[in-house]
There are 2 protein chains.
Amino acid sequence: MNSKEPRPHTGRRRNEAARRAILDAALGLLADADGAPVSVETIARAAGVGKQTLYRWWPSKGAVLLDALTDRAAQDVPVPDTGSLRRDLRALATATFRASQRPPAAPALRTLVREAARDPHLADLLRTFTESRRADLRRILQRGRDRGELPADRDVELLIDQFYGFFWYRFLLGHGPLDTPTAERITDSLLGWAGAAEGPQESSTAATASISTS
Amino acid sequence: MNSKEPRPHTGRRRNEAARRAILDAALGLLADADGAPVSVETIARAAGVGKQTLYRWWPSKGAVLLDALTDRAAQDVPVPDTGSLRRDLRALATATFRASQRPPAAPALRTLVREAARDPHLADLLRTFTESRRADLRRILQRGRDRGELPADRDVELLIDQFYGFFWYRFLLGHGPLDTPTAERITDSLLGWAGAAEGPQESSTAATASISTS
DNA sequence: TAGTTACCGAGACCGGTAGTCTCGTCAAGA
DNA sequence: TCTTGACGAGACTACCGGTCTCGGTAACTA
């Protein structure tokens, strides 16, 4: 028949409180146990919920964890558009580093990556997440190139991977700082530490002397 | 008593064939199942060996995997010392990228990192491995700085993390090339793309002129 | 040759996990 | 009141890392 007609919903509705309880419990556990894996049993128990309720709404444990994390940390890193490439990049770096450092994001994200290492489902989700961040940075760089702030022959993909590679490397290994001075230094390193402050720095030789101060 | 005297070895000796069989089986499984986890059972079965034999000689599964990988890929990336920073860095990048791409290293290393994400023991081993690579690069950069090829105010640790961060990011995500042109581009990007090919590109440091000829 | 020692393959076993399935219950609409 | 589907609870399967035990066997010693 015309089963196209979506049969009106009957029966008990989804319990929104349970959804929130699951996400909250997941985020809390992600944040607490730094590095230690978070089990489904633990999440369900902490949320006061049956495992089946969890699997009814999410396809895997990884999906729950990612959902719990992005649920809050979504808009922590806005994409700047100030009209200056260097300022945009510096702002993005600063916001990214800062968001990655303050709890509960830091331990949660670390645990999430560890889980992704053995959960292909979660790995996929995480890949699309990072790809969207890469796309944000790509837009920033291309705007800058259109304005002539970036030489046309610089490899944008290379720059993107240098930035996020640096970030993830330091974030996951945790052997070096990810603070505001670092954000400025990585910006200068990517765009050319010569002529850092402002103005086109061409004529490679000339500008160097003036700025290397800061 | 003088138990200091090491009692001469008695009893059956270690079976070298079993050792090799285990390492070969481990490497083969690491290489075959890209990303898929490798279980101890599988290794033991493939090597025709009891699990206990494996645990008699290695403290954990991760140790076996790392041993299997470094057993062969040890000296694939020699540390260059040509007298030119740019040439050294380019050589290191090229060798690193090349070694990471050719089988069986590539899938095996990827699997190894995934295993390390949930095996703290293996994570430690892998950390010391990467730290030694970082130390190699640090020496190269410091030699270059001593020769005046690198401005004294450039952050060496930042450069190291930019390089290896970029490498691991591309290697693990696999979304961009790690070939020879990329090795040259990342070198130029780190050392300054201006005046990349030849000639001194800045006036600030006098020494630069004399050596960068390559 | 006989005895001792320690490695060998095999596999049972333990604790823990992801995901499935079933049960009796409960809320929302017809 | 009856149907539907979500709910909490937890048993269950399948798998894995790591431990333990077993009978057998190679290498060395007396």
State whether [X] places a side-chain N or O below 4.0 Å from either non-bridging phosphate oxygen (OP1 or OP2) of [N].
| X | N | answer |
| --- | --- | --- |
| R13(A) | dG5(D) | no |
| W57(A) | dC7(D) | yes |
| T53(B) | dG9(C) | yes |
| W58(B) | dG17(D) | no |

Figure out the [atom1]/[atom2] separation between [X] and [N], and round it to whole Å.
| X | N | atom1 | atom2 | answer |
| --- | --- | --- | --- | --- |
| R118(A) | dG16(C) | CZ | C1' | 10 Å |
| I43(A) | dG8(D) | CD1 | C1' | 16 Å |
| L54(A) | dG10(D) | CG | C1' | 15 Å |
| E41(B) | dA14(D) | CD | C1' | 13 Å |
| L29(B) | dG17(D) | CG | P | 12 Å |
| D119(B) | dG18(D) | CG | C1' | 12 Å |
| R45(A) | dA18(C) | CZ | P | 13 Å |
| R114(A) | dT17(C) | CZ | C1' | 18 Å |

If only side-chain N and O atoms count, and only distance matters, is there a donor-acceptor pair under 3.5 Å linking S84(B) with R90(B)? no
Without hydrogens or angle criteria, can the side chains of H175(A) and R127(B) be said to hold a donor-acceptor pair below 3.5 Å? no
Quiz item: K51(A) side-chain donor-acceptor pair to dG8(D) base, under 3.5 Å: no
Is the base of dC8(C) touched by the side chain of Q52(B) through a donor-acceptor pair closer than 3.5 angstrom? no
The side chain of [X] is closest to which nucleotide in this list: [options]?
| X | options | value |
| --- | --- | --- |
| V40(A) | dT19(D), dC28(D), dA18(C) | dA18(C) |
| A18(B) | dC7(D), dG9(C), dT25(D) | dG9(C) |
| R12(A) | dC7(D), dA18(C), dA26(D) | dC7(D) |
| Y55(B) | dG19(C), dG18(D), dC8(C) | dG18(D) |
| S39(A) | dA18(C), dG5(D), dA28(C) | dA18(C) |

Main-chain N/O of T82(A) paired with D88(A) side-chain donor or acceptor, under 3.5 Å: yes
Quick check: does any side chain N or O of R110(B) sit under 3.5 Å from a backbone N or O of F171(B), one acting as donor and the other as acceptor? yes
DNA chain C nearest-nucleotide lookup for T42(A) and E16(B): closer to the 5′ end is E16(B)
Tightest non-hydrogen contact, residues A106(A) and Q101(A), listed as CB-O, 3.8 Å
Need one value for V64(B): base, sugar-phosphate or nothing, where a base atom within 4.0 Å counts as base even if backbone is also close, heavy atoms only. nothing
Count the heavy atoms belonging to other residues, nucleotides or ligands that lie under 6.0 Å from CZ of R138(A), then report whether that count exceeds 12. yes
